[in-house]
Structure formats: structure tokens, C-alpha cells
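So that the names make sense, note that chain A is the first sequence line, chain B the second, and so on, each numbered from 1. The figures here come from the full heavy-atom set of this structure, side chains too, leaving out hydrogens, waters and symmetry mates.
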Amino acid sequence: MEKEPKGDDGGDLKLLGLTVSPFVIRVRMVLQMKAVSYRYIEQDLFIKSDLLVTSNPVHKKVPVLIHGGRPVCESSAIMEYVDEVWAASTTGASILPADPYERATARFWAAYADSKLLPAWVGIMWAATEEERTEKVDETLAAIGRLEEAFGECSNGKAFFAGDSVGYLDLVLGSQLLWFGVLRKMFGVVVIDDDAGSKTPLLASWAKQFVETDMAKEVVPDVDTAVEYLKKLQAHRPGSTVTQLLS
Amino acid sequence: MMGDPAVKLVGAFGSAFSHRVEVALRLKGVACELVLEDLRNKSELLLAHNPVHKKVPVLLHGKAATCESLVIVEYVDEAFAGPPLLPADPHARAAARFWAHFIDEKCMKSLWAALWMEASEAQRTSMAEAKRSLALLEQQLSEKSRFFGGDSIGLVDIAASGLALWLGVMEEISGVTVVTDEEFPALRRWARRYVGNEDVKRCLPERDRLVAMFSECKEMFRAMAMGSDAETVN
């Protein structure tokens with residue numbers, strides 16, 4: 001039997017996920033940054049496995065990190081958990097800064113990206129009418145506009161929200177970039193514009209740097225994989241919220 | 001201590017979210033100036049420091065203006081000395097964050113809908129969902145520990161504080177009962193312990209005043225519940 005990969009403290013590590021889910025992508029990127037080995041188990045969210053249901057009985061969602069048999073649920077809680085447990089890792093700096101105010105700022109904007117931006121672009125994909133779609137596009141662009149301003153304030157002229165290297169907020173927003181690609185390809189909607197005259201020039205440059213990082217290249221699938229998954233969702237569950245089926 | 005920047009909490013009387021921050025500060029022994037907003041006429045101070053959401057609470061500490069109640073509570077825990085609001089063990093910390101998030105995302109929303117939607121299939125669904133969520137919280141309370149956080153109040157207790165006082169007030173005003181001693185004995189015991197705690201008592205609004213204040217908002221709450229997002233007023 002194949003030996004289970006061990007975390008630093010000897011506990012075995014498994015991650016239950018969905019490769020195209022932003023919530024999973026961000027967790028995998030943290031694990032990658034910390035050079036932590038784990039067994040990745042892709043989940044079928046249409047037919048949930050016993051392991052998923054018993055590990056996350058409250059939500060039955062991915063990602064779930066199982067460390068030494070103990071599950072950790074909720075992507076934000078998992079990210080902070082990994083950051084704390086593998087704090088001493090020499091390969092990856094902490095994804096959250098040391099300063100409490102900077103940490104609060106990162107958490108605030110991450111919550112914003114997940115509660116305002118994400119549901120808006122999901123709404124574009126699931127809109128039943130042109131009117132609804134237009135509304136969701138407007139909401140998405142308004143939210144990304146806020147994040148463009150936030151980038152200006154947080155980054156201090158550096159490449160990422162967190163500075164010279166990728167941090168918590170970069171991961172939360174960066175994990176959504178894959179789906180911005182789907183929006184462009186399938187819906188002709190451009191969320192982060194990298195043309196001249198763009199309203200989001202800072203984020204355009206940030207996005208380019210983000211996708212070029214080693215961990216993004218390792219973890220993020222290509223847009224076509226996400227497009228195929230969306231088509232599968234549209235065919236099978238026309239009434240469900242996409243967030244339900246992205247986690 | 002001399003030289004420490006002043007702490008100012010921009011809140012509102014009766015806001016369960018403001019209370020979360022107030023209690024966190026009190027538990028850490030941090031003196032703060034409380035600025036109470038009139039939410040129908042929001043001040044420049046509030047709008048300037050929370051331009052994104054325009055909501056209370058906002059914590060001002062030196063150059064830091066922090067928004068979103070649970071983000072602020074973690075900030076207070078990290079920025080000030082005093083008894084920790086989160087456990088030391090990473091797994092326990094992750095669990096605390098999970099449950100705090102659960103309370104905000106699942107509990108509060110379904111409770112609001114159950115209390116204020118008009119009697120309908122949708123309201124009954126919300127009620128069932130609210131009770132399922134509360135049952136999960138009930139399970140988190142063991143016979144041995146006094147609070148979700150163990151022997152002392154922690155992040156999850158603070159997140160759940162709305163259930164300790166505000167829920168009863170809303171049940172009274174709406175005429176809809178969600179939590180009974182029979183169905184949720186542990187939660188009720190926890191609620192009594194929470195409101196009886198010395199630190200909590202000093203920042204809990206008087207129940208009568210809450211009833212009076214929220215009674216005037218009944219129609220607005222009902223109208224809000226009819227909309228797609230059951231967001232509480234803050």
C-alpha cells in the first residue's frame with residue numbers, strides 16, 4: 001500500500017477538492033508555497049463521497065484538509081491553519097503579515113472578494129435574463145473597481161497585495177482568475193482589462209504576475225477545463241447556485 | 001498606558017455587531033471611547049472610515065481603521081495583550097473560525113428569514129434551516145465547558161452573542177419562537193451564562209430598550225425579509 005505523505009509533524013495529510021474551485025485552488029497554492037506534500041483527492045460534487053460527507057458533515061463542501069485524521073473545513077480557516085502549522089517552513093514565508101492591522105486589512109478585502117465579487121461573477125454565469133446578466137456584470141465591475149483601489153493602497157508599489165511575494169489576499173482573489181478566463185471565453189465579459197485605457201491597470205499587471213508564479217502554474221488548471229466543468233454544471237443542474245457546485 | 005494610541009469604537013446602540021467588538025475590547029481590558037451613530041443619519045466619521053460598507057462597527061486605533069465585526073475581533077485579539085480570544089492550538093483555532101463563520105453565514109441569515117418572513121413555504125423552510133443550524137451549535141456545547149471557547153468567552157461566543165440576547169428580543173417582537181428550553185437546553189444555558197458574565201454585562205444594552213427600539217422597526221424588518229438578502233441593519 002502506498003505510504004501516505006506526511007506533514008511536518010508526521011500526521012498524514014489529505015486534501016479533498018475540485019481542481020477548478022477557487023476555494024480549493026487557494027488552499028493548494030498555500031500548500032505548494034510551504035512545500036508540504038499531501039495526497040490530493042478529487043471529489044465528484046454531484047455524487048458526494050462518504051469521506052467528504054463524514055469529514056465535512058456541516059456543509060459537505062470542498063476543500064477539506066484532513067491532517068492526522070482530523071478535518072479542517074472552510075478555505076479561509078484552512079489557509080490560516082496551514083500558515084500556522086507550517087510557520088517554520090523555510091520555503092514559504094507567512095501568507096499573512098505580522099502586523100495586526102495589515103492582517104485585518106487582508107482579511108477584510110478577502111472577505112469582500114468572496115462575499116461581493118465572487119457571487120456577482122457567479123451570477124453572470126447563471127443569469128436567466130439579459131437584464132439580470134447586465135446587473136451582475138455591473139456588480140462585478142464595481143467590486144473589481146474597489147479591489148483595484150485596494151491594490152493601490154495595499155501593495156505600496158510592489159507586485160502583489162502582500163508586497164514582494166504572494167499573500168493571503170493575493171490567493172483569495174488570484175484563485176478567481178481562472179473563472180475570469182471562463183467569463184471572457186464563454187460570455188465575452190472582461191473583468192480585469194489589460195488593454196490601454198483599462199480601468200484596472202494595477203490588477204491587470206498583478207494578474208499577469210500571479211499566473212506566472214510557480215504555485216499558480218502547478219495548481220491552476222487551464223481555462224478549457226473550467227469551461228468544460230461549467231458546461232457540465234449547466235447541463236445537469238440548471239437551477240443550482242454555481243457556488244454550491246464550485247465547493 | 002502613556003503613549004498608546006487612543007481606541008475609538010464607532011458603533012450604534014443596540015447593534016449586535018457593535019456589541020461583539022465592545023465585548024472583545026472589554027475582555028482584553030482595553031479602554032475605548034464609544035461613539036454612537038444614528039444609523040438613519042450616518043456621520044462623516046463613519047462614512048470616511050468605512051466607505052465600502054458604510055456600516056458599524058468600525059474600530060479606530062492609531063492609523064488603523066478596521067471594519068467587519070469578526071475581522072475587528074481578531075484584530076483586537078492580535079493587537080492587544082490580555083486573555084486570548086482564540087485557542088492556542090491551530091486545529092482548535094481553525095474550528096473556532098469555522099464556527100464563527102458558520103454563525104454569520106448560516107445561522108443569522110436563516111434566523112432572520114424565519115423571524116420576519118410572512119408565514120409561507122419559504123418561511124417554514126427558513127425555520128427548518130435555522131433550527132438545523134442551531135442544533136449544530138447546540139452540539140458544540142459540552143456539559144463540561146461553560147462557553148463555546150471553554151472556560152472563558154472566546155471568538156465563537158462573541159460571534160454567537162446575538163443569540164444570547166437579540167434573538168429573544170426579536171422572537172418577542174415578531175411573535176415567532178425559534179429557541180426553546182426543550183429543544184435547545186445547552187444553548188439556553190449558554191445564553192444565560194453569557195449575559196450573566198461580568199464583562200459582558202457592562203456592554204450589553206438593556207433588554208427593554210432593545211424591545212422598544214426594535215418594535216419600531218417591525219415593518220422594515222418584514223419588508224427586508226421579503227427581499228432576496230436578509231441582512232441585518234447595521
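Between B:Ala64 and A:Tyr101 the shortest heavy-atom distance is CB-CD1, 3.1 Å. Annotation for A:Trp109 and B:Val52: closest pair CH2-CG2, 3.5 Å, computed over non-hydrogen atoms. Taking every heavy atom of both residues into account, A:Ala104 and B:Thr66 meet most closely at CB-CG2, 3.6 Å. The minimum heavy-atom distance between B:Pro90 and A:Tyr81, with the atom names listed, is O-CD1, 3.4 Å. The minimum heavy-atom distance linking B:Ala94 with A:Ala77 is given by the pair O-CB, 3.8 Å. Closest of all the heavy-atom pairs between A:Pro100 and B:Tyr75 is O-CD1, 3.4 Å.
Put simply, of B:Gly62, B:Ala79, B:Ser133, B:Ala95, the one with the most heavy-atom pairs under 4.5 Å next to chain A is B:Ala79. In terms of non-hydrogen atom pairs under 4.5 Å with chain A, the most contact-rich of B:Glu105, B:Glu74, B:Arg132 is B:Glu74.
Contact check for A:Val58 versus B:Phe98: side-chain heavy atoms found under the 4.5 Å cut-off.
Residue-level contacts of residues 166-177 of chain A with chain B do not occur; threshold 4.5 Å between heavy atoms.
Looking at A:Arg70, the atoms closer than 4.5 Å to chain B (heavy atoms on both sides) sit in the backbone and in the side chain alike. For B:Asp104, no part sits under 4.5 Å from any heavy atom of chain A, backbone or side chain. Of the atoms belonging to B:His61, not a single heavy atom falls under 4.5 Å from chain A. Heavy-atom distances place the side chain of B:Lys106, and not its backbone, under 4.5 Å from chain A.
Judged by distance alone, with hydrogens and angles left aside, the side-chain atoms of B:His101 form no donor-acceptor pair with the main-chain N or O of A:Ser76 at under 3.5 Å.
Relative ring orientation between A:Phe108 and B:His53 is described as perpendicular, the plane-to-plane angle rising above 60° on a 0-90° scale split at 30° and 60°.
A salt bridge between B:Arg97 and A:Glu74 is absent, with no side-chain N of the basic residue lying under 4.0 Å from a carboxylate O of the acidic one. Taking 4.0 Å as the cut-off between side-chain N and carboxylate O, B:Arg93 and A:Glu84 count as a salt-bridged pair.
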